Enquirer: 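Questions regarding the structure given below will be posed in turn.
All of these numbers come straight from a predicted model, not from anything done at the bench. Order of the sequence lines fixes the chain letters, A, B, ..., with proteins taken first and strands second; residue numbering starts at 1 for each chain.
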Amino acid sequence: MSLKLYNTLTGTKEEFVPLEPGKVKMYVCGVTVYDHCHIGHARANVAFDVVYRYLRASGYQVTYVRNYTDIDDKIINRANKEGVPYNVISERYIQTFDEDMARLGLALPTHQPRATEHIDDIIRLVQTLIDRGHAYQSGGDVYFSVETFPSYLKLSKRTLEEMQAGARVEVGELKRNPMDFALWKEAKPGEPFWECPWGKGRPGWHIECSAMSSCLLGETFDIHGGGRDLIFPHHENEIAQSEAATGKPFVRYWLHNGFVNINAEKMSKSLGNFFTIREVLDRYDSEVLRFFLLSAHYRSPIDFSDQNLAEAEVGLERIYKALAGVEEALARPAATGAAGAAHAELGERLAAFETRFKEAMDDDFNTAQALGHIFDLVRSVNRFLAENESNRALLEAVRAAMAMVAEVFGIFTSVPAAFLERMQTRKADELTIPVAEIERLIEERTAARKAKDFKRSDEIRDFLLERGVALLDGPQGTNWKAK
RNA sequence: GGCGGCGUAGCCAAGUGGUAAGGCAGAGCUCUGCAAAAGCUCCAUUCAGCGGUUCAAAUCCGCUCGCCGCCUCCA
């Protein structure tokens with residue numbers, strides 16, 4: 001079976017055929033660096049991180065470009081507010097973006113260009129568009145003339161008439177058509193600028209992506225990704241700029257991820273209902289957040305809530321517990337248990353697993369379905385372990401299968417025992433009862449149990465349970481864990 | 001107003017023509033002094049509603065209801 005992906009341009013799932021066999025060139029719109037990233041950014045970046053990882057795991061040599069938009073009105077506004085040069089803002093938030101992405105376990109793109117590193121390329125591209133009659137200078141600005149590009153709006157599948165019916169009327173007289181958009185903006189006094197044939201100014205928002213992608217990936221490349229909200233105007237304008245300049249198709253497959261919702265409403269800066277990645281990672285493990293994001297298909301909306309994150313946490317723990325069991329069994333001295341029913345079942349499950357996983361991922365990166373297959377495997381593993389079987393080869397095969405998954409999903413990358421320990425520490429930190437007190441009560445209970453005073457023993461269990469502490473009686477004595 | 005998407009169990013979520021994956025929660029059982037973990041069993045005659053096409057529909061078509069998004073910066 002081959003990889004199929006949903007192409008926004010055609011509105012259908014298509015078989016993926018790269019321009020050059022064995023190689024994939026993909027571009028994903030990064031962030032405008034003027035503030036901390038929120039979980040919407042986390043979703044987009046995790047989604048395309050998995051695309052990147054899966055393509056690599058499928059044997060492709062992938063060139064992945066993700067840009068930083070480091071010159072823009074919002075950055076300038078923020079800089080003015082703080083009374084610092086614009087690049088103080090952009091540098092600061094490039095750094096926090098990098099930190100956030102590292103914490104989320106993202107693989108590094110091949111290239112991470114900044115708009116300001118490609119000003120010459122941008123100016124050249126704007127000049128080409130003017131020369132070809134697709135752009136015009138108006139004052140110190142340069143605008144793209146949408147009427148000169150007949151297939152404008154082919155991505156968002158609308159027409160200029162439809163757009164204008166709902167659009168507010170432009171006040172300025174600089175544009176010939178209200179739908180025309182800025183390729184280059186004249187600098188106002190005090191604003192950062194670059195010298196160019198049209199005076200002093202800076203690039204418009206969309207042109208940088210056209211310039212950087214063609215520079216690093218070529219005039220036509222395979223995959224372009226981003227959030228749904230970028231379809232119009234950003235990606236539409238990229239298509240117009242690039243195709244008008246080169247006369248060649250710009251991108252073969254357009255991929256767009258769905259939104260993160262809060263209470264079924266889009267989360268966004270403008271609505272003010274957003275959580276930053278760092279806020280969320282203070283409360284949840286990064287693998288939990290990734291697991292949560294992968295539990296739904298990347299194109300579907302996903303609802304961010306404490307309950308949903310808590311569920312993700314429980315699910316991820318279930319998988320890690322099974323993996324910890326596998327490691328424990330492998331650490332024990334080799335015992336060749338009799339091959340029972342669980343042995344045969346796990347063997348079959350494993351044999352089918354890789355194929356099922358690939359089928360799910362080949363179907364437009366269906367991570368939710370792939371997770372279902374993982375849970376099926378986990379149940380077989382638990383059954384196998386519960387029957388006290390210990391077939392080394394089989395257990396090692398489980399380990400290898402999950403390592404393959406880890407490579408693609410960017411989760412299950414921790415040593416299982418370490419992960420579970422991490423989760424315990426996190427929960428234990430929230431306890432209101434001191435550890436010394438817990439230990440004292442455990443001692444008291446152990447004594448009570450020895451004396452067969454089960455009434456007192458159960459009182460202590462209930463008392464601690466009410467405070468979030470669960471007691472675990474084992475052969476080596478009583479342990480406890482935060483619930 | 002124009003365009004687009006979605007509605008699957010208490011909750012999350014796959015499935016887009018062949019008779020409803022998976023997870024969480026819940027119930028019972030095994031294990032345990034009692035618990036926990038794990039295992040086993042159960043948990044949607046049905047996919048928002050109503051019509052239609054078909055041997056066959058959650059899946060295709062039409063209508064209705066509800067929710068959301070884009071049309072302005074946005075992942």
Side-chain angles (χ1 to χ4, degrees), chain A residues 8 11 13 28-32 34 37-48 72-74 77 153 156-159 161-168 170 179 205 225-234 256-261 264-271 274 291-292 295-303 305 307-319 321-322 324-325 342 356 360 363 366-379 381-387 449 452-455 457-458 461-462 465 470-474 478-481 483:
Chain A
T8 307
K13 247 184 239 178
V28 172
C29 287
V31 286
T32 300
Y34 73 103
C37 290
H38 56 63
I39 39 183
H41 298 111
R43 185 182 198 189
N45 282 285
V46 167
F48 290 108
D72 170 89
D73 289 356
K74 289 186 169 178
N77 287 342
L153 302 179
S156 48
K157 299 177 182 59
R158 279 176 285 212
T159 66
E161 293 71 49
E162 284 166 7
M163 296 295 286
Q164 280 163 5
R168 69 169 176 175
E170 284 287 321
M179 294 302 294
W205 173 34
R228 259 190 137 63
D229 45 358
L230 295 183
I231 294 174
F232 183 87
H234 188 53
H256 293 97
N257 65 276
F259 295 131
V260 175
N261 291 159
E265 269 198 335
K266 178 187 172 181
M267 177 176 69
S268 76
K269 285 276 176 71
S270 36
L271 290 173
F274 64 91
F291 183 91
F292 165 69
S295 69
H297 187 96
Y298 77 93
R299 282 192 286 117
S300 310
I302 191 167
D303 212 56
S305 69
Q307 191 194 332
N308 291 163
L309 266 287
E311 272 191 19
E313 188 170 294
V314 173
L316 183 60
E317 271 191 273
R318 177 178 164 79
I319 296 169
K321 277 177 192 162
R356 296 177 79 194
D363 185 13
N366 195 335
T367 53
Q369 186 165 64
L371 277 178
H373 298 328
I374 291 167
F375 278 111
D376 281 339
L377 178 64
V378 162
R379 200 180 334 107
V381 167
N382 282 334
R383 199 173 297 169
F384 179 83
L385 294 172
E387 290 193 8
R449 288 179 73 205
K452 300 255 189 262
D453 181 359
F454 294 123
K455 185 166 168 290
S457 166
D458 290 347
R461 177 189 287 291
D462 293 343
L465 201 55
L471 296 182
L472 311 172
D473 295 329
T478 301
N479 270 316
W480 64 275
K481 65 167 193 178
K483 229 176 133 43

Enquirer: Mind checking A:Lys74 for me? I need base, sugar-phosphate or nothing, with any heavy atom below 4.0 Å counting as a touch.
Expert: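 Contact class for A:Lys74: base.
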Enquirer: Just the rounded figure in Å: distance from P of B:rC71 to CE of A:Met179.
Expert: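 Rounded to whole Å, this separation is 10 Å.
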Enquirer: With a cut-off of less than 4.0 Å, is there a side-chain N or O of A:Asn257 near OP1 or OP2 of B:rA75?
Expert: no
Enquirer: List in chain and number order the residues that pass side chain to side chain contact (heavy atoms under 4.5 Å, CB included) with A:Lys483, two or more places apart in sequence or in another chain; answer none if no residue qualifies.
Expert: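 A:Lys483 satisfies side chain to side chain contact (heavy atoms under 4.5 Å, CB included) with A:Leu465, A:Ala470 once adjacent residues are dropped.
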Enquirer: Salt bridge (charged side-chain N to carboxylate O under 4.0 Å, His left out) with A:Asp453: which residues, sequence neighbours excluded?
Expert: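 So A:Asp453 forms no salt bridge (charged side-chain N to carboxylate O under 4.0 Å, His left out) with any residue.
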Enquirer: B:rU45 and B:rA38: how far apart are their P atoms, nearest whole angstrom?
Expert: 28 Å
Enquirer: Round to a whole Å and report the spacing from CG of A:Leu377 to C1' of B:rA21.
Expert: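 In whole Å, B:rA21 C1' and A:Leu377 CG are 15 Å from each other.
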Enquirer: Counting Watson-Crick and G-U wobble pairs with both distances under 3.5 Å, what is the dot-bracket string for RNA chain B, 5' to 3', using [ ] for crossing pairs and | for pairs to another strand?
Expert: ((((((((.[[[..)..(...]]].(((((.......))))).....[[[[[..)....]]]]])))))))....
Enquirer: Classify the side chain of A:Lys157 versus the base of B:rC3 as yes if they form a donor-acceptor pair under 3.5 Å and no if they do not.
Expert: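 Counting by modelled atom types and ignoring angles, no donor-acceptor contact under 3.5 Å is found here.
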Enquirer: Between B:rC43 and B:rG1, how many Å separate the two P atoms, rounded to a whole number?
Expert: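 Those two atoms are separated by 46 Å.
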Enquirer: Base, sugar-phosphate alone, or nothing: which one does A:Gly325 contact when heavy atoms must sit under 4.0 Å apart?
Expert: nothing
Enquirer: When the distance from CZ of A:Arg158 to C1' of B:rG69 is rounded to whole Å, what number comes out?
Expert: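 My rounded result for the distance is 10 Å.
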Enquirer: Walk me through it: do A:His38 and A:Val260 pass the test side-chain contact (heavy atoms from CB on, under 4.5 Å)?
Expert: CA-CA 10 Å; A:His38 56 63; A:Val260 175; over 6 Å; no
Enquirer: Expressed as a whole number of Å, how far does the C1' atom of B:rA44 sit from that of B:rG51?
Expert: 23 Å
Enquirer: Pick out the pairs of N or O atoms, protein on one side and nucleotides 30-33 of chain B on the other, that lie under 3.5 Å.
Expert:
{"residue": "B:rG33", "atom": "N7", "partner": "A:Arg449", "partner atom": "NH2", "Å": "3.3"}
{"residue": "B:rG33", "atom": "O6", "partner": "A:Arg445", "partner atom": "NH2", "Å": "2.9"}
{"residue": "B:rG33", "atom": "O6", "partner": "A:Arg449", "partner atom": "NE", "Å": "3.1"}
{"residue": "B:rG33", "atom": "O6", "partner": "A:Ser457", "partner atom": "OG", "Å": "3.2"}
{"residue": "B:rG33", "atom": "N1", "partner": "A:Ser457", "partner atom": "OG", "Å": "3.4"}
{"residue": "B:rG33", "atom": "N1", "partner": "A:Asp458", "partner atom": "OD1", "Å": "3.1"}
{"residue": "B:rG33", "atom": "N2", "partner": "A:Phe454", "partner atom": "O", "Å": "3.4"}
{"residue": "B:rG33", "atom": "N2", "partner": "A:Asp458", "partner atom": "OD1", "Å": "2.9"}
{"residue": "B:rG33", "atom": "N2", "partner": "A:Asp458", "partner atom": "OD2", "Å": "2.7"}

Enquirer: Between B:rA75, B:rC71, B:rC24, which nucleotide has the shortest distance from any of its atoms to the side chain of A:Phe232?
Expert: B:rC71
Enquirer: In whole Å, measure the gap between the C1' atoms of B:rU16 and B:rU8 for me.
Expert: 12 Å
Enquirer: Taking the same atom, C1', in B:rC60 and in B:rC24, what whole-Å distance lies between them?
Expert: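 It works out to 34 Å between them.
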Enquirer: Atom CZ of A:Arg228 and atom P of B:rC71: how far apart are they, to the nearest Å?
Expert: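 Going from A:Arg228 (CZ) to B:rC71 (P), I get 13 Å.
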Enquirer: Separation of A:Phe259 atom CZ from B:rC70 atom C1', in whole Å?
Expert: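 Rounded to whole Å, this separation is 8 Å.
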Enquirer: Rounded to the nearest angstrom, tell me the gap between atom NZ in A:Lys481 and atom C1' in B:rA35.
Expert: 11 Å
Enquirer: Taking the C1' atom in each of B:rG5 and B:rC42, what is the distance between them to the nearest angstrom?
Expert: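 Straight-line distance between the two C1' atoms is 37 Å.
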Enquirer: Quick one: pull up CD1 in A:Ile374 and CD1 in A:Ile319 and give me the separation to the nearest 0.5 Å.
Expert: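 Between atom CD1 of A:Ile374 and atom CD1 of A:Ile319 there are 5.5 Å.
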Enquirer: Going by salt bridge (charged side-chain N to carboxylate O under 4.0 Å, His left out), name the residues that satisfy it together with A:Glu317, two or more places apart in sequence or in a different chain.
Expert: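 Only A:Lys427 meet the salt bridge (charged side-chain N to carboxylate O under 4.0 Å, His left out) criterion with A:Glu317.
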Enquirer: Which atom pairs, one a donor and one an acceptor, fall under 3.5 Å between side chains of residues 307-314 of chain A and the rest of the protein, sequence neighbours left out?
Expert:
{"residue": "A:Asn308", "atom": "OD1", "partner": "A:Ser305", "partner atom": "OG", "Å": "3.3"}

Enquirer: Given B:rA75, is OP1 or OP2 found less than 4.0 Å from the side-chain N or O atoms of A:Lys269?
Expert: no
Enquirer: How many whole angstroms separate atom CG of A:Asn45 from atom P of B:rA75?
Expert: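 Between P of B:rA75 and CG of A:Asn45: 10 Å.
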Enquirer: Categorize A:Gly227 for me: base, sugar-phosphate, or nothing, with a 4.0 angstrom heavy-atom threshold over every strand shown.
Expert: sugar-phosphate
Enquirer: So if I take every side-chain heavy atom of A:Glu265 and compare against B:rG69, B:rC24, B:rA21, which nucleotide ends up nearest?
Expert: B:rG69
Enquirer: Residues in side-chain hydrogen bond (donor to acceptor under 3.5 Å, both in side chains) with A:Arg158, at least two apart?
Expert: none
Enquirer: Name all residues meeting the salt bridge (charged side-chain N to carboxylate O under 4.0 Å, His left out) criterion together with A:Asp376; count only those two or more places apart in sequence or in a different chain, and write none if there are none.
Expert: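 With sequence neighbours excluded, A:Asp376 shows a salt bridge (charged side-chain N to carboxylate O under 4.0 Å, His left out) to A:Arg356, A:Arg379, given in chain and number order.
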Enquirer: Please figure out whether A:His38 or A:Asn261 has its closest RNA chain B nucleotide nearer the 5' end.
Expert: A:Asn261
Enquirer: Please report the distance separating the C1' of B:rU30 from the corresponding atom of B:rG22, rounded so that it comes out in whole Å.
Expert: 24 Å
Enquirer: Using every non-hydrogen atom in the two residues, find where A:Phe292 and A:Ile302 come nearest and quote the distance to one decimal.
Expert: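 In terms of heavy atoms, the two residues are closest at O-CD1, 3.3 Å.
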Enquirer: I need a per-nucleotide contact map over nucleotides 10-15 of chain B, read 5' to 3'. Cutoff is protein heavy atoms under 4.0 Å; write B for the base, S for backbone only, - otherwise.
Expert: -BSSSS
Enquirer: Identify, with sequence neighbours excluded, every residue that meets salt bridge (charged side-chain N to carboxylate O under 4.0 Å, His left out) alongside A:Lys74.
Expert: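 None.
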Enquirer: Check whether A:Arg449 reaches the backbone of A:Ser457 with its side chain - one donor and one acceptor, N or O, closer than 3.5 Å.
Expert: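 Such a contact is absent between A:Arg449 side chain and A:Ser457 backbone.
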Enquirer: Which residue, A:Phe291 or A:Gly40, contacts RNA chain B at a nucleotide closer to its 5' end, judged by nearest heavy atom?
Expert: A:Phe291
Enquirer: Who pairs with A:Asp229 by side chain to side chain contact (heavy atoms under 4.5 Å, CB included), at least two apart in sequence or on another chain?
Expert: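 By the side chain to side chain contact (heavy atoms under 4.5 Å, CB included) rule, A:Asp229 matches A:Phe259, A:Lys266.
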Enquirer: What does A:Leu472 touch in the nucleic acid at a heavy-atom separation under 4.0 angstrom: a base, only the sugar-phosphate, or nothing?
Expert: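 Base, at least one base heavy atom under 4.0 Å.
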Enquirer: Suppose you measure atom C1' in B:rG17 against the same atom in B:rU54; what distance do you get, rounded to whole Å?
Expert: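 Those two atoms are separated by 9 Å.
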Enquirer: Can you sort out the partners of A:His234 under ring pair (Phe, Tyr, Trp, His ring centres under 6.0 Å), two or more places apart, ordered by chain and number?
Expert: A:Trp205, A:His206
Enquirer: Give one of base, sugar-phosphate or nothing for A:Val260, where a contact means two heavy atoms less than 4.0 Å apart.
Expert: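 Touches a base.
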Enquirer: Please classify the nucleic acid contact of A:Leu471 as base, sugar-phosphate, or nothing, using heavy-atom distances under 4.0 Å.
Expert: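 Base contact.
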Enquirer: Look at the side chain of A:Asp363 and the backbone N and O of A:Asn366, then say whether any donor-acceptor pair between them is shorter than 3.5 Å.
Expert: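 No.
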Enquirer: What is the distance, rounded to the nearest whole Å, between atom CD of A:Glu161 and atom C1' of B:rC71?
Expert: 14 Å
